[in-house]
Amino acid sequence: MIDEINRLLEEGKAELASASSEAQVEAARVKYLGKSGSLSALRKGMGKLAPAERPAMGKLVSEALSRFESLLKDQQHKIGEQALQRDLAREKLDVTLPGRSQKRGHRHPVSQALDDIVEIFARLGFHVADGPEIEWDLYNFEKLGIPSDHPARDMQDTFYLDLATQPEPPPGSPPTEGAQKQLLLRTHTSPVQARTMLAQPPPVRIIAPGKVYRCDSDITHTPMFHQVECLHVEQGLSMAHLRGTLDAFAKAFFGSSVKTRLRPSYFPFTEPSAEVDVSCAACGGKGCRLCKQTGWLEVLGSGMVNPDVLAGVGYDPEKVTGYAFGVGIDRLAMLRYGIDDLRSLFENDVRFLEQL
Ligand code: DAH
């Protein structure tokens, strides 16, 4: 029996030593220590021994079992350790690798210009007013002194809405003749002037930024573009106030060294009217490609609100006067960033926008 114990123990030891996976160690455990394992069988065989032999043999069997158990534990530990080392080696992180940086976006140059304009005018005491992009003829033209037979309508190539059933136009709209349509995409932000004055008594001090639409497309025109309208109506306003406001705005937007100049012009809703130029930011007024060698850039239309427009919204032109102007935001953004094709602002090419 002693030989048998030693033989089994040696055999078990060798098997454990050659086990190289958890599964093999477990197989050895079952083979020697399991219910019908060979070392377990020795214990069961004790009953067949003569009573005098049992204590000594029992001791030997117990020792063999606990020896095998401790070898088993050692081997389990060793294999667990090897597996851990393998995992660590495989999942090694290279902390010296450069990180993957996140791309950071920024606001669109037109949105940036718009935000700046709103902020500048807020500081000058103007409120932001709003109007619809689908507009009635009444507010886009009629109330601004541009009836349907007025030649100034040709200045603005209008998109009309071709609806199967035309909704009822607001009271005061001109009678419809033939195929004439009443609803259109607003061609400028000026209708917000009429809407605001009809809705409240003077004084009025608003700016109205937004999208406008014209049937026009080339390097300086896109069918949709952005304008900001400015309107100030109060007692005692003159061209001097218009000039001061424009100058303050131009300096805040383009920089304190910029100069402004007014040139006589014509708009049906202002009298007198003026076109406003700013000294070219690119060449400082010396003359360059951007300003076509003139040193000046035309940026907006302006004037004193026509008394007929004031009377048309129920204001008394004997008591109050006003000045107004409308400026193309996209054009301001172009001039600020030295872009020469307006369309590139709306193509949403990130490679282009990223440079700004
Ligand atoms: N609405 C004009 C346009 O889009 C610009 C304009 C000119 C607006 C004179 C005004 C103004 O408020 O007074 O061409």
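Just follow the structure's listing: the first ligand is 1, and inside any ligand the first atom is 1. What you see is a predicted model; the values in this text were computed from it and never measured.
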Would Phe269 count as a contact residue for ligand 1, given that I'm defining contact as a non-hydrogen atom of the residue lying under 4.0 Å from a ligand atom? yes
Note, Pro109 side chain near Leu353 side chain (heavy atom, < 4.5 Å): yes
Would one find an N or O of Ser302, backbone or side chain, under 3.5 Å from an N or O of ligand 1? no
Would you mind finding which of Glu229, Met304, Arg186, Arg214 brings a heavy atom closest to atom 3 (C) of ligand 1? Arg214
Compute the minimum heavy-atom distance from Glu275 to ligand 1 and say whether it is under 4.0 Å. no
One pair to check against side chain to side chain contact (heavy atoms under 4.5 Å, CB included): Leu332 and Val299. What are the steps and the verdict? CA-CA 7 Å; Leu332 289 186; Val299 290; 3.9 Å; yes
Check the orientation of Phe141 and His188. Use parallel for under 30°, tilted for 30 to 60°, and perpendicular for over 60°. tilted
Has Arg214 got its NZ or CZ under 6.0 Å from the middle of the six-membered ring of Phe225, at an angle within 45 degrees of the ring axis? no
For Ser190, the atoms of ligand 1 under 4.0 Å from one of its heavy atoms are 1 (N), 8 (C)
Ligand-residue contact atoms, ligand 1 with Gln193, heavy atoms, under 4.0 Å: 12 (O)
Does any N or O atom in Thr270 lie less than 3.5 angstrom from one in ligand 1, N or O only? no
Examine the side chains of Tyr32 and Glu11 and answer whether a donor and an acceptor come within less than 3.5 Å of each other. yes
Find out whether Glu4 and Leu42 are in side-chain contact, i.e. whether some heavy atom of one side chain is under 4.5 Å from a heavy atom of the other. yes
What atoms of ligand 1 come within less than 4.0 Å of a heavy atom belonging to Gly303? 13 (O)
Could you go through Thr196 and Gln200, starting from their C-alpha distance and side-chain angles, then the distance that decides it, and tell me whether this counts as side chain to side chain donor-acceptor pair (under 3.5 Å)? CA-CA 6 Å; Thr196 307; Gln200 67 164 88; over 6 Å; no
Those atoms of ligand 1 less than 4.0 Å from some heavy atom in His188: 1 (N), 2 (C), 4 (O)
Output the list of atoms in ligand 1 that are nearer than 4.0 Å to some heavy atom of Phe267, sorted by atom number. 7 (C), 9 (C)
Provide the number and element of each atom of ligand 1 under 4.0 Å from a heavy atom of Gln227. 3 (C), 4 (O)
For the residue pair Tyr323 and His241, does the interplanar ring angle fall in the parallel (under 30°), tilted (30 to 60°) or perpendicular (over 60°) class? parallel
